[in-house]
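Structure, as structure tokens:
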Amino acid sequence: MIDWDRIDTVLLDMDGTLLDLHFDNYFWLEYLPLRYAQMQGREAAEVREQLVASYQRMRGTLDWYCLDFWARTLDLDLVALKQEIVHKISPRPGALEFLAWLNSQGKQALLITNAHPHSLDLKMAHVPMAHHFDALISSHHYQVPKEQAPFWQALLDRHYFDPGRTLFIDDTEAVLDSAGDFGVAHLLCVTQPDLQLPERPPGRYRAFNDFAEIFRADGQP
């Protein structure tokens with residue numbers, strides 16, 4: 001699937017790519033509405049409907065991903081709430097083995113995520129993978145999400161890579177579109193970001209589910 005001789009740099013999304021998206025889906029759609037309803041003495045279903053509507057209004061913006069924004073909006077300590085279910089954070093199949101293999105091949109590896117730095121720190125503390133990367137980048141550092149072109153220029157300015165010899169793996173087609181428009185030549189999509197949900201049907205990009213599908217740890221073709 002991948003001609004690794006043509007790849008110098010690998011850009012990797014975090015949630016839904018390296019980590020099971022179930023943690024995030026459960027937190028935002030189930031746990032947060034439940035805990036918020038308990039605090040307000042309201043029905044969880046009513047609160048969930050209200051929150052989902054609020055999420056949709058902010059979708060695609062940096063605030064949609066911003067813990068500080070939602071903490072102010074809801075007057076809640078969201079990092080503390082996430083800590084209550086930290087046991088649900090887990091890597092996707094083959095992710096850690098793939099990162100170790102990338103290191104053994106001398107590839108530049110950059111984690112690029114729309115997640116807030118607090119979420120990034122929480123997850124890196126729970127799943128030991130930070131040491132595999134040359135840098136950990138949150139789009140909040142650049143004040144623009146990955147869906148928008150300025151993110152990619154800011155990334156290139158700070159962490160040089162050749163877009164024509166770069167592979168980017170993400171679970172969101174809109175983000176892959178943005179990377180492709182910038183000139184990233186090799187794009188790959190995850191078919192099952194949330195391991196508790198069915199695999200998604202094929203989209204516009206080459207796709208895979210288990211990292212073992214795109215590399216062999218023994219180094220053979």
Side-chain angles (χ1 to χ4, degrees), residues 11-40 42 44-86 88-89 110-126 130 135-159 168-182 184 189-190 193-194 197:
L11 308 176
L12 287 148
D13 174 48
M14 182 172 67
D15 301 317
T17 298
L18 292 170
L19 301 181
D20 185 356
L21 193 62
H22 179 67
F23 171 83
D24 300 277
N25 284 340
Y26 177 76
F27 177 78
W28 292 103
L29 298 177
E30 303 296 336
Y31 195 71
L32 176 58
L34 174 63
R35 297 287 280 114
Y36 193 43
Q38 290 172 342
M39 293 172 189
Q40 293 200 329
R42 298 168 58 194
E46 175 192 357
V47 170
R48 183 181 188 276
E49 182 178 354
Q50 179 185 29
L51 286 176
V52 168
S54 296
Y55 302 157
Q56 292 302 321
R57 285 194 294 271
M58 304 307 298
R59 191 177 185 91
T61 70
L62 192 66
D63 281 342
W64 191 57
Y65 302 100
C66 184
L67 283 185
D68 291 337
F69 171 81
W70 293 109
R72 290 192 303 269
T73 299
L74 302 175
D75 193 24
L76 289 175
D77 185 342
L78 297 185
V79 175
L81 286 179
K82 286 192 171 192
Q83 287 280 6
E84 294 176 3
I85 59 167
V86 72
K88 288 185 172 289
I89 299 173
L110 303 176
L111 186 150
I112 56 171
T113 178
N114 278 326
H116 188 278
H118 293 333
S119 288
L120 176 58
D121 291 343
L122 178 72
K123 290 169 181 177
M124 292 300 102
H126 191 72
L136 306 174
I137 300 112
S138 166
S139 60
H140 291 69
H141 297 150
Y142 305 155
Q143 292 300 299
V144 61
K146 293 185 296 182
E147 289 89 335
Q148 298 180 22
F151 170 86
W152 299 97
Q153 188 60 55
L155 178 67
L156 184 63
D157 289 345
R158 292 161 177 78
H159 304 279
F168 175 43
I169 307 177
D170 202 286
D171 65 309
T172 302
E173 287 195 342
V175 176
L176 291 166
D177 289 342
S178 182
D181 290 343
F182 185 72
V184 177
C189 193
V190 175
D194 184 331
L197 298 177

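Starting from 1, each residue takes its place in the sequence as its number. Just so you know, these numbers come straight off a predicted model, no measurement behind them.
Of all non-hydrogen atoms in R57 and S54, the two that sit nearest each other are NH2-OG, 3.1 Å. Closest non-hydrogen pair, W152 versus V175, comes out as CZ2-O, 4.2 Å. Here the shortest heavy-atom pairing between Y36 and L74 reads CE1-O, 3.6 Å. Here the closest non-hydrogen pair linking Q40 and R42 is OE1-NH1, 2.7 Å. S138 and A115 get closest at one heavy-atom pair: OG-O, 2.7 Å. What you find for G60 and Q148 is that their closest heavy atoms are O-NE2, 4.2 Å.
For CG of D157, the number of neighbouring non-hydrogen atoms (other residues, nucleotides, ligands) closer than 6.0 Å is greater than 12. Heavy atoms of other residues, nucleotides or ligands lying less than 6.0 angstrom from CD of Q153 number more than 12.
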Test side chain to side chain contact (heavy atoms under 4.5 Å, CB included) on H118 and K82; report intermediate values, then the result. CA-CA 10 Å; H118 293 333; K82 286 192 171 192; over 6 Å; no

Check against side chain to side chain contact (heavy atoms under 4.5 Å, CB included), L197 and N25: CA-CA 10 Å; L197 298 177; N25 284 340; 4.3 Å; yes

Let me see the working for L111 and D13 under side chain to side chain contact (heavy atoms under 4.5 Å, CB included), right down to the final yes or no. CA-CA 6 Å; L111 186 150; D13 174 48; over 6 Å; no

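Salt-bridge check for K123 with D24: passed, with a basic side-chain N closer than 4.0 Å to an acidic carboxylate O. Between D170 and K146 there is a salt bridge, with a side-chain nitrogen of the basic residue lying less than 4.0 Å from a carboxylate oxygen of the acidic one.
Side-chain contact check for I112 versus L136: every heavy-atom pair is 4.5 Å or farther apart. Put simply, the side chain of F182 reaches to within 4.5 Å of the side chain of L156, judged on heavy atoms. Contact annotation: the side chain of L12 never approaches that of L110 to less than 4.5 Å [non-hydrogen atoms, C-beta and beyond]. Contact of the N114 side chain with the M14 side chain is not registered, since no non-hydrogen atoms from C-beta on lie closer than 4.5 Å. Looking only at side-chain heavy atoms (C-beta outward), L67 and S119 come within less than 4.5 Å of each other. At a threshold of 4.5 Å between non-hydrogen side-chain atoms, the residues V190 and I169 count as touching. Counting heavy atoms from C-beta outward, L32 and L51 have side chains that approach closer than 4.5 Å.
R48 places no side-chain N or O within donor-acceptor distance of the main-chain N or O of A44, the cut-off being under 3.5 Å. Using a distance-only test at 3.5 Å, with no hydrogens or angles considered, no donor-acceptor pair links the side chain of H116 to the main chain of Y65. Judged by distance alone, the side chain of W70 and the main-chain N or O of D63 form a donor-acceptor pair under 3.5 Å. Looking only at distances, no side-chain donor or acceptor of Y26 sits under 3.5 Å from a matching main-chain atom of K88.
Atom CG in L62 sits 4.0 Å away from atom NE2 in H140 (nearest 0.5 Å). Within the model, atoms CG of L19 and OG1 of T113 stand 9.0 Å from one another, a figure rounded to the nearest 0.5 Å. With values rounded to the nearest 0.5 angstrom, I85 atom CD1 is found 10.5 Å from E30 atom CD. Taken to the nearest 0.5 Å, the CG atom of D15 stands 11.0 Å off from the CG atom of D194. For the atom pair CG (L122) and CG (L78), the distance works out to 11.5 Å, reported to the nearest 0.5 Å. In this structure, CG on D68 lies 6.0 Å from CZ on R72, to the nearest 0.5 angstrom.
Under the 30°/60° scheme for interplanar angles, the aromatic rings of F151 and Y142 are found to be tilted. Taking the six-membered ring where tryptophan is involved, the planes of Y31 and F27 are tilted, since the angle between them lies from 30° to 60°.
Between F69 and W64, the ring centre distance reaches or exceeds 6.0 Å.
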